[in-house]
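These notes are about the structure you will find just below.
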Amino acid sequence: MAYWLMKSEPEVYSIDDFRRDQRTLWTGVRNYQARNFMMADHPTAMKLGDSFIFYHSNAEPSAAVGLGKIHRLSVPDPEQFQKKSEYFEPRATKAKPIWYCAEVEFELRFARPVTLEEMRGEKALAKLELLKRGTRLSIFPMSEAEFQHILRMGSGD
DNA sequence: GCCAACGTTGGC
DNA sequence: GCCAACGTTGGC
C-alpha cells in the first residue's frame, strides 16, 4: 500500500466536483514522470487501492482538501484524441496512445483544508515533495507517516 | 499578473 | 547528445 499526492486546480476540477462524480479519470497529465506513476507496468507505478491526498493548486488558499483511492491504471487519456481539447496530442493514435491516466474514486473531503502554509510549519512533513522549492510535479508519492499526518490535520479538532 | 524553476523541443 | 530558447507550473 502506497500513498500519493495529486494536484488539481479547483477552477478546473475541485474536491466538490470529485465528491459529486465519486469516480473520475485523472486526465490532462502531460509530464512523463507523473504519467509513469499511472501506468500499471511501470516500475514506479501506483497499485490499485492506493490512497492519495487531493490537493488544490493555484488556489486561494492552496491546500490539501480530501482523499481518494486509485481504482484503475493505464487508461488511455481520452483527451489526447480530441482535437478540440487543450490536451490534444497529434502524435497519439488509438493503437499507440502516448498519455495515460488513472481512474480514481472519491473517499472523503477533509473537515477543514490543510493549507500549504500550515504544512510548511510541520516538522513531520519537512521532506514532503510538495514543500521542496521548485517542485512542479503534479503527482508524487509520500510516506504513510506523512499521509496520516496530513489526514489528522484535516480531520479537524 | 509576475516570475523562478524546470521540463521539453529542436537546431546544430 | 548538447544546450539555448521556449513553454508551463504554481506560489506569491
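So that the names make sense, note that chain A is the first sequence line, chain B the second, and so on, each numbered from 1.
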Taking the nucleotide of DNA chain B with the nearest heavy atom to each, does A/Asn58 or A/Arg91 sit closer to the 5' end? A/Asn58
Nearest whole angstrom, please: distance from the P of C/dC12 to the CE of A/Met119. 11 Å
What is the distance, rounded to the nearest whole Å, between atom CD of A/Gln33 and atom P of B/dG7? 8 Å
Hey, are A/Glu79 and A/Thr27 close enough side-chain-wise for a donor-acceptor pair under 3.5 Å? yes
Measure from the side chain of A/Arg136, starting at C-beta and using heavy atoms only, and say which of C/dG10, C/dC12, B/dC6 lies closest. B/dC6
Filter on salt bridge (Lys or Arg N to Asp or Glu O under 4.0 Å), then keep only pairs touching residues 28-52 of chain A, sequence neighbours left out; what's left? A/Arg30-A/Asp77
Find the distance A/Leu130:CG to C/dG10:P and express it as a whole number of Å. 9 Å
Whole angstrom is fine here: how far is it from NZ in A/Lys132 over to C1' in C/dT9? 17 Å
Derivation of the side chain to side chain contact (heavy atoms under 4.5 Å, CB included) call for A/Trp4 and A/Ile53: CA-CA 6 Å; A/Trp4 305 86; A/Ile53 304 269; over 6 Å; no
Whole-Å distance, A/Asn31 CG to C/dG7 C1', equals 13 Å
Between C/dG11, C/dG10, B/dT8, spot the one nearest the side chain of A/Tyr32, thanks. B/dT8
Out of B/dT8, B/dT9, C/dG11, whichever nucleotide has its closest atom nearest the side chain of A/Tyr55: C/dG11
Taking CG from A/Leu137 and P from B/dC6, how many angstroms apart are they, rounded to a whole number? 12 Å
Regarding C/dT8, can its base be found pairing with the side chain of A/Arg30 as donor and acceptor, where the two atoms are less than 3.5 Å apart? no
Do any side-chain nitrogens or oxygens of A/Lys7 fall under 4.0 Å of OP1 or OP2 in C/dG10? yes
To the nearest Å, give me how far apart CD1 (A/Ile98) and C1' (B/dT8) are. 14 Å
Taking for each residue the nucleotide of DNA chain C bearing the nearest heavy atom, is the 5' side occupied by A/Glu60 or by A/Tyr87? A/Tyr87
Whole-Å distance separating the CD1 atom of A/Ile139 from the C1' atom of C/dG10: 16 Å
When hydrophobic residues are tied together by side-chain contacts of less than 4.5 Å, even through go-betweens, does A/Trp99 share a cluster with A/Leu73? no
Does the side chain of A/Asp21 come under 3.5 Å of the side chain of A/Tyr13 through a donor N or O and an acceptor N or O? yes
